[in-house]
Q: 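Pasting in a structure now, in structure tokens, and then I'll have a few things to ask.
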Amino acid sequence: MMGKLLVHATAEGLSAGRIVETEAYCGPEDGAAHSHNWRRTARTETMWGPPGHAYMFLIYGMHWCFNAVVAADGVPHAVLIRAIEPIEGVELMAARRGMAATRRELTNGPGKLCAALGLDAAHKGVDLVGPGLFLSEGRGTGEEGAIKTSPRINIDYAGEWVDKPWRWYEAGNRYVSVKPKE
DNA sequence: AGGCCGATCTTCT
DNA sequence: GAAGATCGGCCTC
């Protein structure tokens with residue numbers, strides 16, 4: 001998923017960003033995943049389905065987060081997109097976010113990038129083949145940083161799973177949500 | 001630059 | 001009835 005382009009086409013226009021930060025959630029074993037302990041409910045149903053669909057969830061009653069379901073039908077694994085680098089439709093994203101297009105706060109978090117791309121409840125379960133919402137190969141700028149890993153963000157509740165290095169981010173990219181220590 | 005806190009509501013207990 | 005895969009405003013240093 002890292003480095004690919006996440007594209008959303010609407011009547012307002014096209015907006016897209018290059019994926020620079022992700023986290024893997026591997027239920028049912030993974031204590032941090034919404035699908036942990038075989039939890040299969042109306043909310044998580046998409047995660048249990050076939051790969052290539054959008055698992056959207058509302059967090060803290062306010063922010064939508066986008067995941068790509070990635071494993072076989074019946075295996076509830078998903079990749080949370082935590083940050084993108086704006087590539088296409090940057091002014092449209094800025095308008096949706098109500099801030100200047102140059103700020104890193106435009107898309108440096110899972111809720112922020114959804115607001116910027118215009119993703120919400122309407123995208124629950126949608127097929128990522130398109131035409132509205134889809135992934136495509138990113139175009140290299142030749143300035144990509146190395147891909148690094150770290151523990152996942154804000155999953156203190158997850159017991160022994162807290163320390164799994166299942167977060168990936170592009171080193172040095174200004175849109176990465178949480179700056180690495182050291 | 002970094003810490004604290006309130007917002008706001010679905011989901012599951 | 002509580003907690004949460006977050007965000008942004010306001011505060012202090």
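Just so it is clear: chains get the letters A, B, ... in the order the sequence lines come, proteins before strands, and each one is counted from 1. Worth saying up front: this structure is predicted, and the values here are computed from it rather than measured.
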Q: Answer with base, sugar-phosphate or nothing: what part of the nucleic acid does A/Arg82 contact at a heavy-atom distance below 4.0 Å?
A: sugar-phosphate
Q: Among A/Lys164, A/Arg39, A/Arg152, which residue satisfies the salt bridge (charged side-chain N to carboxylate O under 4.0 Å, His left out) criterion with A/Asp30?
A: A/Arg152
Q: Map A/Lys112 and A/Tyr157 onto DNA chain C by nearest heavy atom, then report which one ends up closer to the 5' terminus.
A: A/Tyr157
Q: Please confirm whether the shortest side-chain N or O distance from A/His34 to OP1 or OP2 of B/dT11 is below 4.0 Å.
A: no
Q: Kindly work out whether a path of hydrophobic side-chain contacts (I/L/V/M/F/W/Y, heavy atoms less than 4.5 Å apart) joins A/Ile153 to A/Ile155.
A: no
Q: Would you call A/Arg167 and A/Glu21 a salt bridge, taking side-chain N to carboxylate O under 4.0 Å as the test?
A: yes
Q: Can you see if the side chain of A/Arg39 gets near the phosphate of B/dT13 - specifically, an N or O under 4.0 Å from OP1 or OP2?
A: yes
Q: Would you write the dot-bracket representation of DNA chain B, where each base gets (, ), [, ], | or . depending on whether it forms a Watson-Crick or G-U pair under 3.5 Å and with which partner?
A: |||||||.||||.
Q: Quick one: label A/Leu80 by what it contacts on the DNA or RNA (base, sugar-phosphate, nothing), any heavy atom closer than 4.0 Å.
A: base
Q: Would you say a side-chain N or O of A/Arg97 is under 4.0 Å from OP1 or OP2 of C/dG8?
A: yes
Q: If I take atom CD in residue A/Glu105 and atom P in nucleotide C/dG9, what distance separates them, rounded to the nearest angstrom?
A: 10 Å
Q: Atom CZ in A/Arg18, atom OH in A/Tyr175: separation rounded to 0.5 Å?
A: 11.0 Å
